[in-house]
Protein chains: 2
Amino acid sequence: MPSNRAIRTRKDLLDAAGRLVRKGTTPSLEEIAAEALVSRATAYRYFPSAEAVLAEAAVEIGVPDPKTLFAGIGDDPAARVERVDTTMHDLSLAHEAELRLMLVQGLLRKPDSAVPARQNRRTPLIDAALEPARRQFKPAALANLRRALAFFIGTEAMIVAKDVLAIDDAEARKVKRWAIRALVEAAKSRS
Amino acid sequence: MPSNRAIRTRKDLLDAAGRLVRKGTTPSLEEIAAEALVSRATAYRYFPSAEAVLAEAAVEIGVPDPKTLFAGIGDDPAARVERVDTTMHDLSLAHEAELRLMLVQGLLRKPDSAVPARQNRRTPLIDAALEPARRQFKPAALANLRRALAFFIGTEAMIVAKDVLAIDDAEARKVKRWAIRALVEAAKSRS
DNA sequence: ATTGAAATGAGACGAATGTCTCATTACCTC
DNA sequence: GAGGTAATGAGACATTCGTCTCATTTCAAT
């Protein structure tokens, strides 16, 4: 079992990595060690590479659980999905640098790698958003809808908006709201 | 002006980089030089880094021009957008490795970098697809539609499907077709 | 064939990366 | 407080990356 000191050292490294990334750099493990006030050798004892630190630091970004996320909102699926999108959008903005680096990790992983694939934090939230209105949708359409929404919600959507479309934040939110409404409506059974 | 020999060397390096990337590696400039049968020094004379070679190699991936892409297809906007998506999807599959590396380049570029941002190949195609039916749409909705479609068409969409949703190719195409239909319909003025 | 310039190859060099060893420090138990 | 173990720091070492120099090769024009 790791000692208190070891736990603290590990945390210091993760915190230091977060600080450096937020500052806009892509730090080496040596720089992370210096920021954390530990020696280079110690840093290499805890993490094999700077990428490993960054990847783990990004995981720390908290996604709210469905319970609190949907508190005080009705059953309207579009409104609930929009709340998911707003939350994820805010998170993407607040941690853009870390998330970009995490995305890079996923993009470069070997196709046959034994390491676990990207974790998927958005699908559970999307499903929770649609759950109360499940009966309003045609089953086949619901299967399409929950996947289609994943293209608009999350880090990749931020990348498309900023790097490809080069639109500002308000515009991106507007486009996504419009699309979410359109997709949710399209999935509803004609009533 | 560059001599024929220089042009050939440059091309050899780009070809070599493409071969190595397709083999699944993330080659260093030294490895690219070896594959191209030139010395390391020569490789550094033509490109400042392996990333630069890879980025330029990715640009070579040909996107068809609208003229030929829409040959023999009617004015129906959904059908035309679907053809854009099918084409881009095929391209993404055929050049997945190169495109992943190109995406990494874009993700890591400095926010205030002087280098040109990501080139956007999909928007002109989307606009060309919607052009003949422009009158069918409400102007405000058209502005949203052309941007919303960009989230489904292109490399990032492939990443979401494979890495995040972990769905197979046929399923991805199905979801995207459904979403494209839904979005195009939603943008039409009630008639 | 000869000449001259462009392109190349071989290798030295400094910086950064990752691994390893060994002495020293900090912490826990008694 | 003393002793033992875990954690750390300092630095040596091999490797890779990017830059540079200089001798050699290739090519085109005569």
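Because only heavy atoms are used, hydrogens play no part in the values below, and waters and symmetry mates are left out as well, while side chains stay in. Order of the sequence lines fixes the chain letters, A, B, ..., with proteins taken first and strands second; residue numbering starts at 1 for each chain.
There is no side-chain donor-acceptor pair under 3.5 Å between A:T9 and A:D12.
In this structure, B:F152 has its ring center under 6.0 Å from that of A:F151.
A distance of 12.0 Å separates CZ in A:R10 from CG in A:D15, rounded to the nearest 0.5 Å.
Between C:dT8, D:dT8, C:dT17, one nucleotide has an atom nearer to the side chain of A:E30 than all others, and that is C:dT17.
The CD atom of A:E51 sits 10 Å away from the P atom of C:dT17 (whole-angstrom rounding). In this structure, A:L37 atom CG and D:dA10 atom P are separated by 12 Å, rounded to whole Å.
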Q | Contact pattern, 5' to 3', of nucleotides 19-30 of chain D - B, S or - by protein heavy atom under 4.0 Å | A | BBBB---B----

Would you give me the side-chain donor-acceptor pairs under 3.5 Å for residues 141-148 of chain B, sequence neighbours excluded?
unit_1, atom_1, unit_2, atom_2, d
B:R146, NE, B:D127, OD1, 2.8
B:R146, NH2, B:D127, OD2, 2.8
B:R147, NH1, A:E171, OE2, 2.3

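Within the structure, a side-chain polar atom (N or O) of B:T42 is placed less than 4.0 Å from OP1 or OP2 of C:dG9. In terms of phosphate contacts, B:Y46 brings a side-chain nitrogen or oxygen within less than 4.0 Å of OP1 or OP2 of C:dT8.
Every pair passing salt bridge (Lys or Arg N to Asp or Glu O under 4.0 Å) that includes a residue from residues 27-44 of chain B is listed here, sequence neighbours excluded: B:R19-B:E35.
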Q. Between A:L165 and A:V175, is a side chain to side chain contact (heavy atoms under 4.5 Å, CB included) present by the stated rule, with each step listed?
A. CA-CA 11 Å; A:L165 296 176; A:V175 170; over 6 Å; no

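Positionally, the nearest nucleotide of DNA chain D for A:R10 lies more toward the 5' end than for the other of A:R10 and B:S28.
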